Amino acid sequence: MEQRIIKYAEAIKEATKQILESDKSAFLMGLGVPQGAAGTAVGLKDLFPTQVLDTPTSEAALTGMAVGAAISGLHPMVYHERVEFSLLAGDAIFTQAAKWNYMFGGDNPVPVVLRIAVGRQWGNGPQHSQALYSLFGAVRGLKVVIPSTPHMMKGLLISAVKDKNPVVILEPRWLYQVKGHVPEEMYTEPLDKARVVKEGKDVTVVAYGDAFVDTLAALKLIPQDISVELIDLVSINPIDYQTIAKSVEKTGRLLCVDSTNSAFSIGSEIIAKVAENPVGLTQAPVSVAAPDVPVPTSPALSEFWYPTKVDIANGILKMFGKPLLDIKLPFEELHLAPTTTLE
Amino acid sequence: MLYLRVAEQELVQLYLDKKLFSMVHFYVGQEAVAVGVCDALKPEDKVMGNHRSHGHYLAKGGNFRRMVCELLGRANGLARGKGGSMHMIDKSVNFIGSTPLLGSVVPLATGVAFEQKYNKRDTITTAFFGDGASEEGVVYESYNLAALYQVPLLLIVENNLFAINSKLKDRRAPGHSLEKIVSGFGIEYRKADGNDYKDVTTKAKELADFVRREKRPAMLECITYRHMAHSTPLMDEKYREVDTLEERTKQDSIAKLKVELLAGGTKESELALMEAELKKSVLADIQFALESPFPPKEDIYTDMYAE
Ligand SMILES: Cc1ncc(C[n+]2csc(CCOP(=O)(O)OP(=O)(O)O)c2C)c(N)n1
């Protein structure tokens with residue numbers, strides 16, 4: 001049968017539409033949502049006038065309100081166009097939603113979903129293209145996922161709405177136009193499991209979000225005789241250490257990829273945990289990540305900030321003492337969001 | 001005002017050609033606000049802005065050449081290419097910085113004004129922000145602080161009826177009154193026609209004098225029209241109800257000034273010459289920027305901490 005291919009943003013919209021249709025306690029709110037929210041909600045206001053709310057630019061209040069509505073049993077989906085804007089709602093997210101069930105001794109669910117767009121986008125620089133993954137990974141009481149493909153996006157969003165806890169979906173906006181196979185019907189994906197996307201025996205590569213897509217491309221650049229086991233991390237809160245440890249035990253090598261700063265990265269967290277109990281590890285783990293400075297705006301600088309598929313491939317090649325690649329990527333590939341179709 | 005207009009219109013092509021590789025918000029249409037307000041300030045007064053600050057910066061006496069260099073990500077830009085369009089800064093003209101996080105400028109400017117009070121200066125601070133930013137909670141906390149600490153702060157709300165494409169009426173309950181709200185905090189309030197230079201500058205002058213004399217905050221709300229789309233030069237007519245193309249053309253502050261000048265005896269040819277000269281200088285600055293070097297790769301690592 002012919003597989004249906006749609007974009008990441010369309011997968012979000014389709015999941016949202018099916019959720020709003022099937023769950024009348026679900027609603028979507030956020031600034032500019034009726035106007036489409038970067039293609040993730042186009043036309044939904046017309047279909048569900050009472051379930052889709054535009055908001056004033058009042059992140060703190062609107063997120064707190066969503067948390068309150070969730071406490072009372074509604075299923076709000078809040079959209080924040082940039083992670084920096086969600087920080088204005090830090091209290092509602094990190095201190096209220098994340099702690100509510102625990103601090104009241106259980107039986108106090110907060111079924112709120114926070115969709116937050118993160119990461120790279122040309123020309124947006126220090127205050128508009130942070131990812132801040134580790135911040136969301138660090139705060140206990142949240143479930144945090146990063147969908148790497150349109151397929152995962154749809155399944156994770158549906159799982160998130162069905163979950164009784166605050167679930168944060170960090171959406172790398174770099175992926176919005178990436179295409180892939182997505183089933184039409186509703187389905188779920190586990191919120192706390194990493195996926196072994198490709199089995200291999202020489203090295204475990206762990207990646208997530210846009211870095212996962214770059215890693216897929218990097219694998220095409222390295223010789224066939226290096227057998228890579230590729231893991232899509234999916235969840236950063238909690239992190240599925242079991243799947244990673246099992247893989248590392250088999251391959252003996254570990255490389256982690258982050259498309260954001262190296263310091264306090266998800267990759268360094270994984271490497272630290274693996275080092276605590278390095279069963280089977282034969283070589284020092286490697287981290288491929290961005291430099292430990294803010295993202296600059298000038299393309300002449302941001303070009304060198306994000307790790308590319310070539311950097312990832314070279315990270316792997318180096319582990320095996322192979323000659324490194326010297327490939328200069330074209331401007332479009334370095335700076336414009338990809339529109340590739342994933343296999 | 002014409003300078004701001006001509007300058008930004010020339011930037012449009014750079015943006016479309018992807019040479020201006022920075023998220024940009026054009027100020028076209030709102031020029032009477034920035035120029036009217038900054039004309040009412042002293043050079044020593046400080047100004048801070050938001051994501052749409054090309055106009056604020058130029059009106060404060062900014063250097064277009066260095067601004068374009070920044071927009072094009074060049075090493076000699078205002079922020080050495082690190083910031084881009086949303087991050088204007090030039091302390092030589094007391095433009096203290098602009099930041100695109102909505103509302104954030106209000107507490108920051110309160111602090112800048114606090115320093116002026118603390119050190120008993122005779123200067124004031126002006127913050128430009130929009131009707132959208134006015135919905136952030138921190139803005140109201142800052143009103144209270146500014147009034148409580150009696151700091152010399154002039155708040156300029158540029159109400160262009162939109163936050164991106166969300167209309168005012170979808171974001172506020174009927175009967176919402178900014179005047180009542182800020183008056184309740186003890187902030188002096190006036191409203192101006194932001195499409196009219198004279199109205200803005202007269203009221204801005206009154207309030208700037210008031211803030212300087214009384215050492216307490218005041219607000220000027222300017223109702224104005226944004227001519228271009230939120231963050232691109234493209235048009236977005238389908239969202240507009242009040243500020244239609246016809247209405248914008250009719251209310252355009254620059255067109256109105258032109259009519260007045262002509263009526264006052266200025267010749268059409270003199271105006272045309274003036275516009276041509278402005279355009280020439282703008283194009284020369286753009287050419288300079290296009291020929292300026294990009295920052296070297298190593299610059300990624302500079303500037304994180306002050307030396
Ligand atoms: C805290 C925060 N939330 C959301 C945004 C996204 N955003 C950028 S500009 C804008 C509209 C701002 O409207 P207004 O303050 O009236 O200024 P205008 O763009 O109309 O000049 C929005 C919502 C932001 N920059 N910061």
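Please read these numbers as outputs of a predicted model, since none were measured by experiment. These values consider heavy atoms only, across backbone and side chains, with no hydrogens, waters or symmetry-generated copies. To find a chain, count down the sequence lines: A is the first, B the second, and so on, and within it residues start at 1.
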TODO: Give the member of H128(A), E59(A), E84(A) that has the highest number of heavy-atom pairs under 4.5 Å with chain B.
DONE: H128(A)
- [ ] Work out which heavy atom in D54(A) is nearest to a heavy atom in S166(B); give both atom names and the distance.
- [x] OD2-OG, 2.9 Å
Task: Inter-residue atom distance L102(B).CG - L88(A).CG, 0.5 Å rounding - done: 8.5 Å
- [ ] May I ask you to name which of A60(A), P34(A), G123(A) has the most heavy-atom pairs under 4.5 Å with chain B?
- [x] G123(A)
Task: chain B neighbours within residues 42-51 of chain A, where any heavy atom lies under 4.5 Å away - done: none
TODO: Under 4.5 Å heavy-atom distance to chain B, tell me which part of L301(A) shows up: side chain, backbone, both or neither.
DONE: both
- [ ] With the side chain counted from C-beta on, respond yes when Q127(A) and M86(B) share a heavy-atom pair under 4.5 Å apart, and no when they do not.
- [x] no
Open item on the list: Surrounding NZ of K191(B) (heavy atoms of other residues, nucleotides or ligands, distance under 6.0 Å), is the total greater than 12?
Closed with: no
Task: Interface residues of residues 297-304 of chain B facing chain A - non-hydrogen atoms under 4.5 Å apart - done: K297(B), D299(B), I300(B), Y301(B), M304(B)
Open item on the list: Please rank A163(B), G132(B), G103(B), G77(B) by heavy-atom pairs under 4.5 Å with chain A and give me the top one.
Closed with: G132(B)
Task: Region of L336(A) in contact with chain B, defined by heavy-atom distances below 4.5 Å - done: side chain
Open item on the list: Does D326(A) have more than 12 heavy atoms from other residues, nucleotides or ligands lying within 6.0 Å of its CG?
Closed with: no
- [ ] Give, for atom CG of D131(B) and atom OG1 of T57(A), the distance between the pair rounded to the nearest 0.5 Å.
- [x] 8.0 Å
Task: Heavy-atom pairs under 4.5 Å with chain A, option from S134(B), P296(B), P100(B) with the top count - done: P100(B)
Task: Greater than 12 external heavy atoms within 6.0 Å of F264(A)'s CZ - done: no
Open item on the list: How long is the straight-line distance from CD of Q35(A) back to CG of D170(B), given to the nearest 0.5 Å?
Closed with: 8.0 Å
Task: Portion of A79(B) that has a non-hydrogen atom of chain A nearer than 4.5 angstrom - done: neither
- [ ] With rounding to the nearest 0.5 Å, note down the distance linking CD in E135(B) to OG1 in T55(A).
- [x] 8.0 Å
Open item on the list: Are K82(B) and V293(A) packed together at the side-chain level, in the sense that at least one heavy-atom pair is separated by less than 4.5 angstrom?
Closed with: no
Show the atom names and distances, to 0.1 Å, of all donor-acceptor pairs under 3.5 Å that link a side chain in residues 18-26 of chain B to residues at least two apart or in another chain.
unit_1: S22(B); atom_1: OG; unit_2: S85(B); atom_2: N; d: 2.8
unit_1: H25(B); atom_1: ND1; unit_2: H51(B); atom_2: O; d: 3.4
unit_1: H25(B); atom_1: NE2; unit_2: H230(B); atom_2: NE2; d: 3.4

Distance-only donor-acceptor pairs under 3.5 Å for side chains of residues 327-334 of chain A, two or more places apart:
unit_1: K328(A); atom_1: NZ; unit_2: E303(A); atom_2: OE2; d: 2.8
unit_1: E333(A); atom_1: OE2; unit_2: K309(A); atom_2: NZ; d: 2.9

Open item on the list: Counting only heavy atoms from other residues, nucleotides and ligands, does the tally under 6.0 Å from NZ of K99(A) exceed 12?
Closed with: yes
- [ ] Check each atom of S58(A) against the heavy atoms of chain B and say whether the ones under 4.5 Å are side chain, backbone, both or neither.
- [x] both
